[in-house]
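Keep in mind it's a predicted model, so treat the numbers as computed, not measured. Reckoned from all heavy atoms, side chains included, excluding hydrogens, waters and symmetry mates. Numbers restart at 1 for each chain; the letters A, B, ... are given by sequence-line order, proteins then strands.
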Amino acid sequence: MSLPAAEQAVALDRSFFERPTVAVARDLLGVWLISATDEGVSAGPIVEAEAYGGPDDLASHARAGLTRRTTPMFGEAGHAYVYLVYGMHDCLNVVAYGAPAAAGAVLIRAIEPMVGVDLMRARRGRPSDADSRLCAGPARLTQALGVDRSMDGHDLTLGEDVWLAPPSAVGSAAPAAAQAAAFEIASGPRIGVDYAGEDWAARPWRFWIAGHASVSRQR
DNA sequence: CGAATGATACCCT
DNA sequence: GGGTATCATTCGG
């Protein structure tokens with residue numbers, strides 16, 4: 001299954017990302033994440049995302065200020081910020097604007113595998129995993145889509161290699177059930193940010209589609 | 001539950 | 001320029 005060529009170029013506009021990260025994270029639910037490499041196309045709608053702010057957000061990498069690693073977070077919105085965590089996992093973020101500082105990003109934590117599921121499974125190398133769990137987690141997702149730090153700084157609005165597209169742009173490629181406009185949005189504290197202190201750790205900046213089988217953790 | 005695993009940032013010389 | 005604590009996770013026992 002592949003995306004019609006004429007529709008591959010449709011990507012979310014940069015203005016979508018030039019807003020506070022919390023609004024962008026919430027609005028990314030249902031938006032398609034698409035990867036097109038030499039190996040093929042793999043894609044699916046985002047079902048879970050987390051907002052990270054600027055230097056004032058103690059849970060955000062931006063708290064370290066502008067360093068070589070965090071440079072994308074302080075750059076133009078709509079670009080990728082890909083980093084290595086725990087020495088072995090790549091995580092994909094989209095740069096957006098944290099408030100009050102003009103820096104921040106949204107961590108894409110899970111998508112629903114819908115296009116190129118066999119390719120995702122091959123990249124993951126875990127044949128017994130259920131389809132719905134192939135991209136249920138930030139590191140699983142990058143592995144399944146073939147995204148790594150070579151994509152750090154990549155412009156996600158170009159419609160090339162890796163990009164984000166509104167559901168309407170991939171309508172003919174998606175099963176009808178996935179195009180249902182209405183879904184319930186749930187929110188809660190971000191994962192694994194207790195080190196940031198109670199104030200920041202308690203903020204409900206993690207958003208997911210309620211009850212969805214591909215969300216990284218069950219409620 | 002705990003191990004795996006390595007880049008990063010930061011605090012020293 | 002070097003040592004080291006930290007870490008937005010995953011998988012196997």
Output yes when [X] and [Y] qualify as a salt bridge under the 4.0 Å nitrogen-oxygen rule, no when they do not.
X: A:D152; Y: A:R69; answer: no
X: A:E48; Y: A:R217; answer: no
X: A:D57; Y: A:R203; answer: no
X: A:D129; Y: A:R124; answer: yes

Hey, is the side chain of [X] poking within less than 4.0 Å of OP1 or OP2 on [N], counting only N and O atoms?
X: A:R69; N: B:dC10; answer: no
X: A:R63; N: B:dC10; answer: no
X: A:R124; N: C:dT10; answer: no

- Item | Given DNA chain B, 5'-ward residue of the pair A:M88 and A:R149, judged by closest heavy atom |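 Its nearest nucleotide lies further toward 5', so the answer is A:M88.
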- Any luck finding a side-chain donor-acceptor pair between A:S216 and A:R140 under 3.5 Å?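 Not at all, the side chains of A:S216 and A:R140 share no donor-acceptor pair under 3.5 Å.
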- Could A:R190 and A:Y52 be counted as a cation-pi pair, given that NZ or CZ must be under 6.0 Å from the ring centre and within 45° of the axis?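 Relative to the ring axis of A:Y52, which defines the angle, A:R190 lies inside both limits.
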- Task: Give DNA chain B the dot-bracket treatment, 5' to 3': Watson-Crick (N1-N3 with N6-O4 or O6-N4) or G-U (N1-O2, O6-N3) under 3.5 Å, [ ] crossing, | other strand.
- Result: ||||.|||||||.
- Looking at every strand, decide which applies to A:R68 at a 4.0 Å heavy-atom threshold: base, sugar-phosphate, or nothing.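 If one applies the 4.0 Å heavy-atom cut-off, A:R68 turns out to touch nothing in the nucleic acid.
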With respect to the side chain of [X], which nucleotide from [options] is positioned closest?
X: A:A139; options: B:dT8, B:dC10, C:dT10; answer: C:dT10
X: A:H89; options: B:dA9, C:dT9, C:dC11; answer: C:dT9
X: A:L84; options: B:dA7, C:dG12, C:dT9; answer: B:dA7

